[in-house]
Amino acid sequence: MKHVCSALLFTLACAPALAAPPADFEARAETLRQRIGVPGLAIAIVEDGKTTLARGFGVRQLGAPAAVDGDTLFPTGSTGKAITVAALATLVDDGKIKWDDKVTEHLPGFQMYDPWVTREITIRDLLTHRSGLGYGAGDLLFVPRSKLSRAETVHRVRFLEPATSFRSTYAYSNLMYVVAGQLIEQVSGKTWEEYTREHVLRPAGMTVSTTHNEDNFATANRAYPHARMNGGLRGAGDQVRLDEHDDLGRNAAPAGGIASSANDLARWLHTLLGAGATPEGKRVFSAATHEQMWTPSMPMPTGPMPPELKLIESKLSSYGLGWDLMDYRGARMIWHGGAVFGFGTAVVVLPEQNVGFAIAINSEDGELVRGLMYELADHYLGKPQADWPATFQAYKAKKVKQGLELVKAKQAKPVKSTPSLPPASLVGTYADPWYGKLAITQDKNGLRVDFTSTQRMAGRLEHWQYDTWITRFDDHALEPAYLSFAFDKDGKVGGIKLAPVSPIADFSWDYADLNFTPIKTTE
């Protein structure tokens with residue numbers, strides 16, 4: 001879980017990079033938070049070895065007065081990939097692994113779909129989105145929830161067919177970071193959660209950050225998730241609080257399972273700007289491994305941006321180890337975004353300016369995160385200031401409007417038709433090689449569908465048109481899907497293909513990668 005008209009210039013003076021946050025920045029951040037409707041916000045800024053801002057704005061949850069402060073925990077999503085890389089870096093520093101070791105040297109049973117890729121894939125490949133898997137492939141193993149262990153999740157990787165040849169194409173992969181987390185456990189003898197906490201978070205001085213949901217939920221000073229759910233598609237409508245326990249499956253925590261605070265994110269920024277050393281001189285990871293993190297490993301596409309976002313269009317963009325490496329207005333920017341249900345985050349470093357900042361919110365209004373991100377970048381680069389939050393807000397509104405129009409047009413025109421077979425003929429258990437089982441049952445109210453590898457991913461199955469049916473999940477926060485049935489020569493169900501209903505559904509709802517076939521029963 002992402003990103004309108006003319007940019008409004010509110011400062012025209014072009015100055016050299018400044019060594020303090022923008023004047024009245026805190027008041028502006030609060031004004032923007034209220035204008036966009038974000039319940040809570042945390043910001044950390046580190047400049048020239050000093051923390052110049054680490055505080056919260058707003059509230060931890062709607063309807064309650066508890067305020068966000070510098071120690072309020074926010075799940076930080078995929079920004080945690082860099083922390084998983086840091087955990088691996090400590091193993092490199094200890095001589096237990098090398099970045100270019102074959103994965104099977106440390107995970108002997110690991111397999112990709114292609115035996116040659118199994119033999120050749122390295123730890124670096126796991127971290128750079130070049131495995132050959134499609135964009136977000138396998139994410140339904142932990143989205144929206146999961147019953148699977150991390151080891152079982154890694155086992156199922158072998159059933160995912162590649163979308164491209166190995167190392168040829170950038171395609172974002174959470175699943176490869178799950179494999180990296182399992183490798184950490186295999187090499188260290190400790191779970192990813194334990195090892196990362198003991199060897200990265202605490203040595204960096206990140207004293208309240210958590211790797212376990214249980215620790216996060218046990219912390220009173222934590223933010224709660226919010227989203228807009230009642231406007232026709234996710235991202236439109238009124239802000240509501242979500243159930244924090246409906247988090248992504250913890251099997252995928254190495255891909256984005258850290259919760260952190262403004263003060264702890266400041267400590268992380270200090271460690272990054274210190275090339276692996278804390279302000280006190282304690283070394284978390286070596287300068288050599290730090291250099292590898294920010295070295296380009298895989299080119300990323302740099303397609304044209306829409307006119308209103310042309311200024312942020314990169315000329316050169318690559319992925320390092322857990323980091324996006326890009327140019328912005330002539331400067332090097334190293335950053336990563338993060339989004340989990342009800343939260344959004346960005347961690348940004350401007351190395352040549354010796355500046356880093358982090359922004360976290362407890363809602364899915366990414367326009368505030370991206371807007372503040374570029375507003376701060378312009379300030380520290382001495383560039384003319386633009387009203388980026390307004391630009392991203394307008395851009396998101398346009399995309400949501402287009403999405404709603406597409407959904408309305410599509411749902412308003414199902415073809416009047418009847419299915420080829422009566423509902424009872426669709427009842428059965430189906431299996432996809434990597435996801436697992438799908439069960440279709442019938443009761444007095446009609447058909448029900450259950451994605452059995454995922455807790456509470458079940459609901460009604462209603463006829464849509466022809467041989468396509470639509471899910472009506474009991475949990476309305478889940479992205480609905482179309483199920484299209486195909487039949488064999490005997491007129492029985494031969495397979496089911498899926499697709500998301502929403503045209504702007506997050507890529508992690510990778511329904512299109514599923515191919516269910518009936519499980520044959522013995523007579």
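Along the sequence shown, residues are numbered consecutively beginning with 1. Predicted, not measured: the structure shown is a model, and the values here were computed from it.
Of all heavy-atom pairs between Val349 and Trp294, the closest is CG1-CH2, 3.6 Å. Residues Lys310 and Met305 share a closest heavy-atom pair of CD-O, 4.0 Å.
A salt bridge is defined here as a Lys NZ or Arg NE, NH1 or NH2 lying under 4.0 Å from an Asp or Glu carboxylate O, and Glu364 with Arg234 meets this definition.
For the 3.5 Å distance criterion, the side chains of Asn362 and Arg60 fail to qualify, holding no donor opposite an acceptor. Donor-acceptor pairing under 3.5 Å is lacking for the side chains of Thr122 and Arg124. If you check the side chains of Gln239 and Asp365, you find a donor sitting under 3.5 Å from an acceptor. Using modelled atom types and a 3.5 Å distance limit, the side chains of Tyr380 and Glu47 yield a donor-acceptor pair. No side-chain donor from either of Asp215 and Thr210 sits under 3.5 Å from a side-chain acceptor of the other.
Annotation: side-chain hydrogen bond (donor to acceptor under 3.5 Å, both in side chains) contacts involving residues 332-341, sequence neighbours excluded, comprise Tyr319-His336, Arg332-Glu352. Applying the ring pair (Phe, Tyr, Trp, His ring centres under 6.0 Å) test to residues at least two apart or on different chains, the pairs with a partner in residues 245-273 are Phe217-His245. Pairs engaging residues 78-91 under the side-chain hydrogen bond (donor to acceptor under 3.5 Å, both in side chains) rule: Thr76-Thr79, Ser78-Lys81, Ser78-Tyr172, Lys81-Tyr172, Lys81-Asn174, Thr84-Trp192, Thr90-Tyr195 [sequence neighbours left out].
For the pairing with Tyr328, the side-chain contact (heavy atoms from CB on, under 4.5 Å) check across Val348, Asp378, Leu350 returns one residue only, Asp378.
A distance of 8.5 Å separates CZ of Phe343 from OG1 of Thr345, quoted to the nearest 0.5 Å. Here CG of Leu107 is found 8.5 Å from OG1 of Thr104. Values are rounded to the nearest 0.5 Å. Rounding to the nearest 0.5 Å gives a distance of 9.0 Å between CZ of Arg222 and CG of Leu73. The structure places CZ of Phe166 at 7.0 Å from CZ of Arg130, a figure rounded to the nearest 0.5 Å. Distance CG/Asp247 to CG/Asn216: 8.5 Å, rounded to 0.5 Å. To the nearest 0.5 Å, atoms CG (Leu133) and CG (Asp139) are separated by 10.0 Å.
When the ring pair (Phe, Tyr, Trp, His ring centres under 6.0 Å) test is applied to Phe57, no partner is found at least two apart in sequence or on another chain. In terms of the ring pair (Phe, Tyr, Trp, His ring centres under 6.0 Å) criterion, Tyr113 has no residue partners (sequence neighbours excluded). Legend: residues meeting side chain to side chain contact (heavy atoms under 4.5 Å, CB included) with Ser317, ordered by chain and number and at least two apart, are Met300, Thr302, Ser314, Met326. Take Ser318 and apply the side chain to side chain donor-acceptor pair (under 3.5 Å) test, not counting sequence neighbours, and it matches no residue. By the ring pair (Phe, Tyr, Trp, His ring centres under 6.0 Å) test, Tyr177 pairs with His129, sequence neighbours left out. Remark: Phe110 pairs with no residue by the ring pair (Phe, Tyr, Trp, His ring centres under 6.0 Å) rule, at least two apart or across chains.
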**Asked** Checking side chain to side chain donor-acceptor pair (under 3.5 Å) for the pair Asn221/Thr72: CA distance, chi angles, key distance, verdict?
**Response** CA-CA 5 Å; Asn221 191 1; Thr72 303; 2.7 Å; yes

**Request:** Would you please test Glu120 and Arg167 for salt bridge (charged side-chain N to carboxylate O under 4.0 Å, His left out) and show each step?
**Result:** CA-CA 11 Å; Glu120 294 298 318; Arg167 294 178 183 154; 5.3 Å; no

**Message:** Evaluate Glu375 against Lys383 for salt bridge (charged side-chain N to carboxylate O under 4.0 Å, His left out), listing each step before the verdict.
**Reply:** CA-CA 10 Å; Glu375 202 162 278; Lys383 301 296 183 181; over 6 Å; no

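Arg150 contributes no side-chain N or O that, together with a main-chain N or O of Val154, makes up a donor-acceptor pair within less than 3.5 Å. Distance alone, capped at 3.5 Å, places no donor-acceptor pair between the Thr118 side chain and the Gln111 backbone. When atom types are taken as modelled, the side chain of Asp24 and the backbone of Ala27 share no donor-acceptor pair closer than 3.5 angstrom. A distance-only check finds a donor-acceptor pair linking the side chain of His379 to the backbone of Ala20 [under 3.5 Å]. For Thr164 (side chain) and Ser168 (main-chain N/O), no donor-acceptor pair under 3.5 Å exists by modelled atom type. Asp510 places a side-chain N or O within 3.5 Å of a backbone atom of Leu140 that can act as its donor or acceptor partner. For the pair Asp94 (side chain) and Lys96 (backbone), a donor-acceptor distance under 3.5 Å is absent.
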Cut-off 3.5 Å, no hydrogens considered: what does the side-chain donor-acceptor table look like for residues 181-189, sequence neighbours left out?
from	atom 1	to	atom 2	distance (Å)
Ser188	OG	Ile184	O	2.7
Ser188	OG	Lys190	N	3.1
Ser188	OG	Lys190	O	3.2

Side-chain donor/acceptor pairs under 3.5 Å, residues 251-266, sequence neighbours excluded:
from	atom 1	to	atom 2	distance (Å)
Asn251	ND2	Leu141	O	3.1
Asn251	ND2	Ser146	OG	3.3
Asn251	ND2	Thr153	OG1	2.9
Ser260	OG	Ser209	OG	2.7
Ser261	OG	Gly70	O	3.4
Ser261	OG	Asp264	N	3.1
Asn263	ND2	Gly70	O	3.3
Asn263	ND2	Asp71	OD1	3.0
Asp264	OD1	Thr207	N	3.2
Asp264	OD2	Thr207	N	3.2
Asp264	OD2	Val208	N	2.9
Asp264	OD2	Ser209	N	2.8
Asp264	OD2	Ser209	OG	2.7

Would you give me the side-chain donor-acceptor pairs under 3.5 Å for residues 32-46, sequence neighbours excluded?
from	atom 1	to	atom 2	distance (Å)
Arg33	NE	Glu30	OE1	2.9
Arg33	NH1	Val38	O	2.8
Arg33	NH1	Pro39	O	2.9
Arg33	NH2	Glu30	OE2	2.7
Gln34	NE2	Glu30	OE2	2.6

